[in-house]
A.B. asks: 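The structure that follows is given in the form of structure tokens.
Atoms within each ligand, like the ligands themselves, are counted from 1 in listed order.
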Amino acid sequence: MKKILIKHFTIAASVALVGCTGAYNDIYKDSSASVDNRVQSLLSQMTLEEKIGQLNQRSMWGSDDEAMAYFTSEVAVGNIGSLLNVPDAESADSIQRVAVEKTRLGIPLILSRDVIHGYKTIFPIPLGQAATFDTALVKAGARIAAIEASSDGIRWTFSPMIDIARDPRWGRIAEGSGEDVFLASMMARAQVEGYQGDDLSSPTSIAACAKHFVGYGASESGRDYNSTYIPERQLRNVYLPPFEEACKAGCLTYMSSFNDNDGIPASGNKFVLTDVLRGEWGFKGFVVSDWASVGEMVNHGFCADMCDAAATGFNAGVDMEMESQTYINNMKQLINDGKVSMSQLDKSVANILRVKFMLGLFENPYISTPQEIKYAEEHLQAAKQAAIESAVLLKNDNYTLPLSADKIRRVLLTGPLADAPHDQLGTWVFDGDKTHTVTVLDGICKLYGDKVSVVYEPGLAFSRDDNKASIAKAVAAAHGVDAIIAVVGEEAILSGEAHSLADLNLVGGQSSLIEALAKVGKPLVTVVMAGRPLTIGKQVDESNALLYSFHPGTMGGEALAELIFGKVSPSGKLPVTFPKAVGQIPIYYNKNNTGRPALGNETLLKDIPLDAGQTSLGCTSFWMDAGFGPLFPFGYGLSYGDFKYSDIATDKDTYKVGDVIVASATLTNEGKYPATEVAQLYIRDHVGSVTRPVKELKGFKRQYLEPGESAQVVFELPVEQLAFYGIDMKKKVEPGDFTLWIGGNSDCQLSVSFKIEN
Ligand code: NOJ
């Protein structure tokens, strides 16, 4: 009976009890009481102003006395529920002390920050981490980020970023897991589990924030903040699933995005923020707006003024507002005018308090993680492993790689990213200290400097540099060595938020540098560090081997040294399709077939005869100047091993909903080097109530094999995972014929058929 009472405890009931007993008032302080009871006990004692204060999140830039004095006084009067960007541990504890010890009810702040791919120890950018296809490693990286961040009082990170992104012009593609729904969903779960840990109330657990909700990655033309036009079915089949997976993993918070989708700014979109997130998925945490995105609904032309924006954002489902202060300035008036209901306000405040209780902030408001945990040796080793696994080998003619440290006497290390401690960390690094970075120069000298003489001539000082004299110096040095390692790409500032590009060729004089080095005729190994896929077809042709390491983070240099000299084999796979040319964008593997798919024998621009007849080239879906395919498909990546797939099979020919498809293939390493392969499972649903993609990733597994060794890779695929939103906008599995592939990338050919019956 008691249990039932607690379950149905309502705000009205709690209010009725206020003042009856001091004991009830104190329930919120009692850690043995249920979270719901604690929330209601506290809520019932809060004034309107205190409630509104909980909805307000401010950024505390600057550590000067004036900033500290201002924010301390705001916290003291209960005007702030959360701060982001508190400058250091001392300020964090000091301002938290004001919230806990100087305010009437002692409600702690939830201190937050953008801890995106590591806090102090920087891991590869999220796109690079996705290239590992290693969820355990990604989870461990998020755990490390949480431990380090909590040592400075941060208990909430604005990560994971799980926007599906199919446009590398968009600089924020760096922050997510790429183009694929399944991979992004698995990475979302891994990161949420890593940040939040096994016990939310542990002082090292930090709340995750699934962002940006939703559709932001589809910004038109890759220009950041631009509008999106995602119809509901595509939203449900492509953009929402990673967010649903984050919810299933227990993600405590969501962030509404900047974009307007089909005319509705995300921070004013009740359908996604309330109907889907809370109604369909049962989300119990809270939603924070992206930076000023509530106020920006005025710029969008969706709200008349800041007061209107506050009502629109709040009523749509944004519980906490980041920075634009429309709630704190207008909420009282909105309540008085009846434009926002008191019960809705109570619900939002309860959502925020619930998370604060779950994180144990009332019991442990101050820092207890030791400061020395930052850059711990095991953190650095995990970051190195992530950098190793994130590198994707895109070309390796005649086993140019690995270089043999016993045979090669002199190597030229060149390129603007070869010794770039800041830039190899990548975008969204506020806290990583570049003095801890191990660059490629450091890594090679440290690990192989006793065997190989390293000539370092950068060629260009930074990626946009175009100094021809420096290029000439590097080229001159190339004549006297046995092999060339050129590390090119993008500075960190060229990707990330608001850093979109219209041209994806190497910037500055880098293309000339590679071209000139190639002409020297020595084995040329090109390493690319970048925040996005670049159009590197020319460099692929000119290089004997090419490794794409995205921005690999603090330990990237040691990781690359070990990969280049063969201590380990590359195993990364592309989490996103690499276009040949910008004009192919958006290009992604899980496209629909169209009514006129390319046949592969289309006439390309250079072969079109003069005066060719209008229809003589064939009428299929392709680009005359770029063909049909990409430069590299999703899932692609070579290794020093030589992997072959054979003997694909499923355990049955026909399945029903509720069954599990057991699919397997034999994987053999026919090469000379031990290596790890990421085996991938794809399916195609041939006929649907709506058109279906030509391939969809449904599973992946990392498999290590010695030379000559074979293994059976086995996947268990629940039939439910074939469900999608069809013609009636209901999610279900449709019966019919399917093809299933197992292979090393999305272009794999080894397949088997099966049927789904009702
Ligand atoms: C804006 C970005 O879009 C978001 O990703 C970030 O978390 C917030 N600013 C806070 O810095």
Side-chain angles (χ1 to χ4, degrees), residues 56-62 80-87 109-119 125-127 142 145-146 149 152 154-165 170-177 184 188 191-192 195 206-219 222-228 239 242-243 246 251-261 265-267 269 273 285-297 299-300 313 318-325 426-432 492-493 495-500 531:
N56 189 29
Q57 183 185 58
R58 297 294 308 278
S59 173
M60 189 179 160
W61 284 111
I80 293 180
S82 170
L83 279 170
L84 70 146
N85 300 324
V86 176
L109 297 162
I110 176 167
L111 302 180
S112 56
R113 195 158 176 86
D114 287 288
V115 179
I116 306 297
H117 50 113
Y119 181 61
I125 55 167
L127 191 61
D152 279 347
I154 296 155
R155 296 296 306 280
W156 179 20
T157 176
F158 302 124
S159 174
M161 192 277 225
I162 48 182
D163 296 315
I164 297 292
W170 191 51
R172 305 202 77 170
I173 197 170
E175 296 174 51
S177 295
Q191 290 173 83
V192 170
Y195 290 131
I206 68 176
C209 182
K211 73 182 189 187
H212 306 85
F213 201 52
V214 63
Y216 183 34
S219 297
R223 178 163 60 78
D224 205 5
Y225 314 123
N226 206 359
S227 304
T228 59
Y239 291 90
F243 288 92
C251 187
L252 290 175
T253 74
Y254 277 64
M255 183 186 290
S256 60
S257 54
F258 286 129
N259 56 303
D260 59 319
N261 186 45
S267 293
N269 192 330
L273 296 176
F286 69 86
V287 175
V288 65
S289 73
D290 201 346
W291 186 285
S293 67
V294 172
E296 285 170 10
M297 288 196 283
N299 290 348
H300 276 286
V318 175
D319 301 296
M320 182 183 278
E321 184 189 17
M322 186 190 289
E323 200 54 21
S324 43
Q325 298 184 70
T427 186
W428 281 111
V429 173
F430 290 138
D431 303 289
I493 193 67
S495 60
E497 184 178 351
H499 301 155
S500 298

A.B. asks: I'd like to know whether Tyr216 forms a side chain to side chain donor-acceptor pair (under 3.5 Å) with Asn261, so could you lay out the CA-CA distance, the side-chain angles of the two residues, the decisive distance to 0.1 Å, and finally the verdict.
C.D. replies: CA-CA 8 Å; Tyr216 183 34; Asn261 186 45; over 6 Å; no
A.B. asks: Quick one: does Glu175 get an N or O within less than 3.5 Å of an N or O on ligand 1?
C.D. replies: no
A.B. asks: Taking the six-membered ring for Trp, are Trp156 and Phe286 ring centroids under 6.0 Å apart?
C.D. replies: yes
A.B. asks: Within ligand 1, which atoms have a heavy atom of Phe158 less than 4.0 Å away?
C.D. replies: 7 (O)
A.B. asks: Would you say the side chains of Tyr119 and Asp152 form a donor-acceptor pair under 3.5 Å?
C.D. replies: yes
A.B. asks: Quick one: do Arg113 and Asp431 make a salt bridge, cutoff under 4.0 Å?
C.D. replies: yes
A.B. asks: Would you mind listing which atoms of ligand 1 come within a distance below 4.0 Å of any non-hydrogen atom of Lys211?
C.D. replies: 4 (C), 5 (O), 6 (C), 7 (O)
A.B. asks: Using heavy atoms and a 4.0 Å limit, tell me yes or no: is Met255 in contact with ligand 1?
C.D. replies: yes
A.B. asks: Is the closest N or O pair between Arg172 and ligand 1 shorter than 3.5 Å?
C.D. replies: yes
A.B. asks: Which residue is it: Trp428, Trp291, Tyr225? I am looking for the one with a side-chain hydrogen bond (donor to acceptor under 3.5 Å, both in side chains) to Glu497.
C.D. replies: Tyr225
A.B. asks: At a 4.0 Å threshold, what atoms of ligand 1 neighbour a non-hydrogen atom of His212?
C.D. replies: 3 (O), 4 (C), 5 (O)
A.B. asks: Is there a donor-acceptor pair closer than 3.5 Å between any side-chain N or O of His117 and the backbone N or O of Pro126?
C.D. replies: no
A.B. asks: Among Ile116, Val115, Asp114, whose heavy atom sits nearest atom 11 (O) of ligand 1?
C.D. replies: Asp114
A.B. asks: Would you say Met322 contacts ligand 1, with heavy atoms under 4.0 Å as the rule?
C.D. replies: yes
A.B. asks: Heavy-atom contacts with Asp290 under 4.0 Å: which atoms of ligand 1 show up? List them by number with element.
C.D. replies: 1 (C), 2 (C), 3 (O), 4 (C), 6 (C), 8 (C), 9 (N)
A.B. asks: Is a donor on one side and an acceptor on the other found under 3.5 Å between the side chain of Ser82 and the backbone of Ile110?
C.D. replies: yes
